[in-house]
Protein chains: 2
Amino acid sequence: MTQANNVAPLFRDLAKVEHEHHVACQSCALYRLCLPLGLHSDDLAQLDKIIKRSQSLSRNQSLFDSQAPFKSIYVVRSGAFKTTISASNGREQVTGFYFPGEFIGMDAIYSQSYQSTAKALETSSVCELPFERLQEFGAAMPQLQVQMMSRLSKELSSDKNLMVLLGKKTAEEKMATFLVSLSRRFQDRGFSATEFQLSMSRGDIANHLGLAVETVSRLFGRLQDDRLVRLEGKSVTIEDLEALQKLCG
Amino acid sequence: MTQANNVAPLFRDLAKVEHEHHVACQSCALYRLCLPLGLHSDDLAQLDKIIKRSQSLSRNQSLFDSQAPFKSIYVVRSGAFKTTISASNGREQVTGFYFPGEFIGMDAIYSQSYQSTAKALETSSVCELPFERLQEFGAAMPQLQVQMMSRLSKELSSDKNLMVLLGKKTAEEKMATFLVSLSRRFQDRGFSATEFQLSMSRGDIANHLGLAVETVSRLFGRLQDDRLVRLEGKSVTIEDLEALQKLCG
DNA sequence: TGTTTGCATTGATCCAGGTCAAGAACTCTG
DNA sequence: CAGAGTTCTTGACCTGGATCAATGCAAACA
């Protein structure tokens, strides 16, 4: 019970408090990170009506599969997800990790079918935004559309940064960048920037960064030897965030 | 004059015919590829008013620089562009190439400043869409907003595919994927799928694919030896598109 | 309680593709 | 059209990180 790997997933409490009680957008703790930002409160009430608060998913359960017809965009409410695209002969690329307040499935708007598979990394829940209804309401609420574009744009720009990472960074820089990015995202969500749990496996991390699992393992070892981080299974303590940031390249 | 490298850039004719005569959206040859798709003709007339048809750019001239305040989204009208992001110590990643009908600058909506630098690869011209005015009009034209989202989504999904390329593909697969993608894009624009000019340098290609220039050069050589393509400076002839597609992985 | 199954670490070896170096070919400029 | 950059190609060599292999370790099961 006191072992590192038994620590409760970070975002589970949120799930209990907010998901299970069907909290309205107005009083959701994710408000600040989510779509409603910039909407008037009467618009908000409207938006609230079209959001489906779906039941929670358990570890490894998929939210949607690649090629399935596009119906909804999802906002992570609690837990964490990964998305993957598969190339031929079974090779897969983990294209992203998603935390509360982040949007999944936006790359399906154009093609009208999901381009990737989204899987829960731990017990998680989402808000579902049926896209058709979003469009209907959007006609009367241009601010909502602009918000949506803004979210799309945000993901676009983080994807471009990932291209730099995959195309130009060394293994060490990749690892540092990954840890710093996690740290910032946890902080944005009101959690510690220096102590958190990894919800994904070493394999997922390696895959996402374009490395082999062994390399990730060795690199974690080295960062630990250098006293930049401390690792115990899935729990991470960043001991020198500044040094880590310098390593990002 | 008869040498391969002196062949006129592919999209220059379009520039002459359409840009310099200030063609309206309704009668633009790019109509099918561009924003207006799905708009009513009176909406189209409105849209037409807010589009600024800017003068053309010459080779190496930048359309915008990284960090500059976001004002407009641009649609390539003729020519070709590349976008780059720079990491530390001068390393740069070419994040994309853009051809007529494609949008540049969408990753700046969220941050309100351009995240990359856009440079013309040859004499080129663009349509400028001032984003503020686009928003104003969007309020009355929800279809326009949806179109914009769709374009954003399209770029998102092609970026995800680029992640697979950078993270999981071999050098040969990368080259094949690149050529096939160019081929398809030229075809979509009504040009030959098997004969075209590269508007970018070997260096740009290498950088974009996460390879060294030398590797690109050798790979071009090998593809040529294997009779899949023929190369003469910047002019490409695809001799076996199907085989090339099989190589994409 | 031992067994299975999946994840993580560690060491030894290997190779795809990077780096370095030297020419060749092209492209600009005056 | 000569000369000076560039950009491209080709060869020789090297290395970062992949792959292979063995072991450790913890949760899940029967």
Side-chain angles (χ1 to χ4, degrees), chain A residues 1-9 58-60 82 89 91 93-94 119 121-123 165-176 197-225 229-236 249, chain B residues 1-9 58-60 82 91 94 121-123 165-176 197-225 229-236 247 249:
Chain A
M1 283 299 276
T2 52
Q3 286 166 70
N5 286 354
N6 279 342
V7 174
S58 48
R59 189 169 137 76
N60 283 328
K82 69 171 175 186
N89 65 25
R91 277 175 300 178
Q93 171 76 30
V94 173
K119 269 206 166 69
L121 293 169
E122 55 183 282
T123 303
L165 180 145
L166 289 168
K168 293 280 155 343
K169 294 193 179 182
T170 64
E172 189 177 55
E173 290 170 333
K174 287 176 179 182
M175 281 300 317
Q197 301 291 314
L198 298 172
S199 36
M200 66 293 288
S201 69
R202 303 290 195 267
D204 287 336
I205 297 172
N207 184 309
H208 183 54
L209 302 178
L211 297 171
V213 202
E214 293 91 330
T215 306
V216 168
S217 197
R218 279 186 257 268
L219 245 26
F220 273 161
R222 206 162 81 217
L223 290 174
Q224 192 151 10
D225 292 346
V229 297
R230 205 143 30 79
L231 282 151
E232 244 180 296
K234 299 216 173 272
S235 86
V236 180
Chain B
M1 285 298 276
T2 54
Q3 285 166 69
N5 288 355
N6 280 342
V7 173
S58 49
R59 189 169 137 73
N60 282 328
K82 69 171 173 185
R91 278 175 300 178
V94 173
L121 293 169
E122 56 183 281
T123 303
L165 179 144
L166 289 168
K168 295 279 154 343
K169 295 193 179 183
T170 64
E172 188 177 55
E173 290 170 334
K174 287 176 179 183
M175 282 300 317
Q197 301 290 315
L198 297 173
S199 36
M200 67 294 290
S201 70
R202 302 290 195 268
D204 287 337
I205 297 172
N207 185 309
H208 183 54
L209 303 179
L211 298 172
V213 201
E214 293 91 331
T215 306
V216 168
S217 196
R218 280 186 255 268
L219 244 25
F220 272 161
R222 204 162 84 217
L223 290 175
Q224 193 151 12
D225 291 345
V229 298
R230 204 143 31 78
L231 282 152
E232 246 178 293
K234 298 214 171 274
S235 87
V236 180
L247 276 188

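By convention in this document, chain letters (A, B, ...) are assigned in the order of the sequence lines, proteins followed by strands, and residues within each chain are numbered from 1.
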Quick check: any donor-acceptor pair below 3.5 Å linking the side-chain of B:R218 to the base of C:dT19? yes
Given D:dA18, C:dG17, D:dT9, which nucleotide is nearest the side-chain atoms of A:L211? D:dA18
Taking atom types as they are modelled, is there a donor-acceptor pair under 3.5 Å from the base of C:dC20 to the side chain of B:E214? yes
Side-chain N or O of B:K234 less than 4.0 angstrom from OP1 or OP2 on D:dC8? yes
For the student: nearest non-hydrogen atoms of A:I205 and A:M200, plus distance: CG1-CG, 3.5 Å
Residue from A:V213, A:N207, A:T215 passing side-chain contact (heavy atoms from CB on, under 4.5 Å) with A:R202: A:V213
Gap between atoms CZ and C1', on A:R91 and D:dT19 respectively (whole Å): 15 Å
Take A:K169 and B:D204, find for each the nucleotide of DNA chain D with the closest heavy atom, and name the residue whose nucleotide sits nearer the 5' end. B:D204
Less than 4.5 Å apart, any side-chain heavy atom of A:L121 and any of A:R59? no
Output the rounded distance in Å from CG (A:L219) to C1' (D:dG17). 10 Å
Rounded to whole Å, please give me the gap between NZ in A:K168 and P in C:dG17. 15 Å
Distance, rounded to the nearest Å, where B:N207 contributes CG and C:dT19 contributes C1': 16 Å
Quickly work out the B:L166 CG to C:dG17 P distance and round it to whole Å. 13 Å
Any side-chain N or O of A:T215 under 4.0 Å from OP1/OP2 of D:dG17? no
Distance, rounded to the nearest Å, where B:L231 contributes CG and D:dT7 contributes P: 18 Å
Minimum heavy-atom distance between B:T170 and A:R91, given as atom pair plus value: N-NH1, 4.5 Å
Looking at C:dG17, C:dA21, D:dC8, which one has an atom nearest to any side-chain atom of B:S201? D:dC8
Which is true for A:G203 with a 4.0 Å heavy-atom rule: it touches a base, it touches only sugar-phosphate, or it touches nothing? sugar-phosphate
Send over the distance from A:F220 CZ to C:dA8 P, rounded to a whole Å. 10 Å
Pairwise 5' ranking along DNA chain C for B:R59 and B:A212, keeping only the more 5' one: B:A212
Can you see whether B:K168 engages A:Q93 through a side-chain donor-acceptor pair at a distance of less than 3.5 angstrom? yes
Rounded to whole Å, the CZ-P distance (B:R202 to C:dT27) equals 11 Å
